Amino acid sequence: MKPRLRFAPSPSGYLHIGGARTALFNWLWARNQGGLFVLRVEDTDQERSSLDSVKAILDAMRWLGIDWDEGPEVGGPEKYGSYFQSERKAVYREHTERLIGTGHAYRCYCTKEELDRAREELKARNPKAQFVYPGTCRYRKDQPDLPFVVRFKSPQEGSTDFVDKVFGPITTPNKAQQDFVLVRTDGYPLYNLAATIDDHLMDITLVVRGRDHIGNTPQQVLLYRAFGWEPPEFAHLPMMLSPKGEKLSKRHASVSVDEYRERGYPPAGVLNYIVRFGWSSGDQEIFSRDELVQKFGWDHVNKSDGKFDEKKFADVAFEHLKRPELTPLADYAKNVRPFLAERGLASPSDAELTAAIPGVRERARTYKDAASDLDFYFRDVPEVDPKAREKLLGPEAAARLVELSATLEGLEPWDAAALEAQARQWCEARGLAVKDVAQPARVALTGRSASPPLFEVMVVLGKARTLARLKRAPSLIPA
RNA sequence: GUCCCCAUCGUCUAGCCGGCCCAGGACACGGCCCUUUCAAGGCUGUAACACGGGUUCGAAUCCCGUUGGGGACGCCA
């Protein structure tokens, strides 16, 4: 059978960068193997789940270019049913009954209040101790009128083992296992139960998830066995921690995928960074999406956690922006447009935009920066940075620019080489250093002290606008 | 507290089935070059096998211990 992988987010917020990484590893392997990638929404916690979150997560996945073969909005074979766990209650109920029937699970009538109290009392006596459910209801008779949860009857002897594709064999003594809850009082299944049933029913062959799930894998293996099912394979990923080595949170970096989009990072760059985090292919750092699919494998997935590095991330993303083979001009143009609009610039034509992009490509680290660098091209009158003007554009220099514009008037052809030759000659004839003219010209043309190469700017701007901006130079100086 | 896991430059990592490694790449940081600006680019420098025992002719690589770090132990996922 073809491999079937899945990503199963719980819709209680945006798509977390760590979640995106989990989704990516699943997706990469599915694509590499010609298997199927399933998206399943784990919304059994009614309190926290929302449709808005589902939408946000789907949008973020689409932006990253991680597409799913089965799941919300695309459906799937009839036999797999809904890809929303909240719509699968009947399935869980039926399977729970089965477990109770075979003696693998039982109803527990202890209330949350009683248990919480016991937990607190224990804590008061011994702050370090951990409450373990004592199995009070294991052999209790059914109480038809009382609310109950369903607990799994964990074995107390032996051990539960599984072989992880990343970590190798993992053994957990069963005595470390308590009678964990399968179904809540409100009838909704808990994670371990729902995930196990769904992974089996949806024919998932390999479960890839964060290392924080290693601990409940034995519980799930126990469940598979209780149902008489063969567990799938498991692969756990090392965690992506904050620069300080703590759990990654808003304090340290952007954790929402949306933020990366808003900050102007290219999706393929984001993917590249998060996959190289924990996986490698020799010394190669930069990969296209296709290359990732082709080269990905489990042999070189690391076991140890790592710390997120903003600088490295930015560099990887930048690398994608710089290389035309990774970000073709047309894509670059398409992606920079929203940021141009954000600055209140009217949409330039594709021709204008693609002519201007090569000049900013190797200096703009994000699409947002690119929009900023491109800004002066698309305003009738560029915004002038006062500092640049004060430093570089005095009255004398401005007057010279007017003179220069006159000599450029008849220049043919209007290309960078001709412009440079002409300008150099002109400077030389007057005994001027090129930079004494170039810098003031830059301010007049772009309003800034830093820009793409001057003569390229002139070419992109075109003769008419270049001359007009040069002639306007004296008016830039305040009286 | 119990259980599980991890350990190469500041960071991500190569190497890990032992000799090619007095440890390679990338980011960051420093220097030089290029240069009309900012970048980009080229060259270059600083910088790591956590520690202690084994095994072996030989260990970053295998084994044990110590230390350090992380995770799990919910009617969250």
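The structure presented is a predicted model; accordingly, all values stated were derived computationally and were not measured. In what follows, every chain begins at residue 1, and chains take the letters A, B, ... in the order their sequences are listed.
Within residues 157-164 of chain A, no residue has any heavy atom under 4.0 Å from RNA chain B.
With no hydrogens or angles considered, no side-chain donor-acceptor pair links A/Asn174 and A/Ser159 at under 3.5 Å. Inspection of the A/Gln439 and A/Arg442 side chains reveals an N or O donor paired with an N or O acceptor under 3.5 Å. Side-chain contact annotation: A/Asp198 with A/Tyr92, donor-acceptor N/O pair under 3.5 Å present.
The separation between A/Ile170 atom CD1 and B/C6 atom C1' is 11 Å, rounded to whole Å. In this structure, CD1 of A/Ile274 is placed 16 Å from P of B/C12, rounded to the nearest angstrom. When the P atom of B/C17 is taken as reference, atom NE2 of A/His300 falls 12 Å away, rounded to whole Å. When the P atom of B/A40 is taken as reference, atom CG of A/Asp373 falls 12 Å away, rounded to whole Å. Summarising the geometry, the separation between NZ on A/Lys303 and P on B/U8 is reported as 12 Å, rounded to the nearest angstrom. The separation between A/His320 atom NE2 and B/A26 atom C1' is 13 Å, rounded to whole Å. Note: CD (A/Gln156) to C1' (B/U2) measures 13 Å, nearest angstrom.
Side-chain proximity of A/Lys322 to the nucleotides B/G41, B/A14, B/A28 is greatest for B/G41. Taking the side chain of A/Asn302 as heavy atoms from C-beta on, and the options B/U13, B/U36, B/C27, the nearest nucleotide is B/U13. In the set B/C27, B/U36, B/C38, the nucleotide with an atom closest to the side chain of A/Lys311 is B/C27. Considering only side-chain atoms of A/Ser451, the nucleotide from B/A40, B/C3, B/U37 that sits closest is B/U37. Nearest nucleotide to the A/Ser304 side chain, out of B/G15, B/C4, B/C6: B/C6. Counting only heavy atoms from C-beta on, A/Glu285 has its side chain closest to B/G25 among B/G25, B/U36, B/C12.
Note on residues 416-428 of chain A: pairs passing salt bridge (Lys or Arg N to Asp or Glu O under 4.0 Å), not counting sequence neighbours, are A/Glu420-A/Arg424.
Between A/Phe180 and the options A/Tyr133, A/Phe152, A/Tyr191, a ring pair (Phe, Tyr, Trp, His ring centres under 6.0 Å) holds for only A/Phe152.
Put simply, A/His236 has no side-chain N or O that comes within less than 4.0 Å of OP1 or OP2 on B/C4. Listed pair A/Ser280 / B/A14 meets the phosphate criterion, a side-chain N or O lying under 4.0 Å from OP1 or OP2. At B/A26, none of the side-chain N or O atoms of A/Lys312 fall inside 4.0 Å of OP1 or OP2 (strictly under the cut-off).
A cation-pi arrangement, defined by a distance under 6.0 Å to the six-membered ring centre and an angle within 45 degrees of its axis, is absent between A/Lys312 and A/Tyr273. With a 6.0 Å cutoff to the six-membered ring centre and a 45° limit on the axis angle, A/Arg151 does not count as a cation-pi contact of A/Tyr106.
Ring orientation note: the planes of A/Trp298 and A/Phe25 are tilted relative to one another, at an angle of 30° to 60°. Using a 30° and 60° split on the angle between ring planes, A/Tyr260 and A/Tyr265 fall in the tilted class, from 30° to 60°.
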In B/S/- notation, 5' to 3', how is nucleotides 64-77 of chain B contacted by protein heavy atoms closer than 4.0 Å?
------BSSBBBBB
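The pairing partner recorded for B/G30 is B/U44, the criterion being a Watson-Crick or G-U wobble arrangement whose two distances lie under 3.5 angstrom.
Of the C1' atoms belonging to B/U13 and B/A40, the separation is 25 Å, rounded to the nearest Å.
Residue contacts shown for A/Pro453 include a base, since a base heavy atom lies under 4.0 Å away. A/Gly278 comes within 4.0 angstrom of sugar-phosphate atoms only, judged by non-hydrogen atoms across all strands, and of no base.
Proximity of a side-chain donor or acceptor of A/Asp43 to a complementary backbone N or O of A/Ser86 within less than 3.5 Å is detected.
Nearer the 5' end of RNA chain B, as judged by each residue's closest nucleotide, is the contact made by A/Thr171, out of A/Thr171 and A/Ala364.
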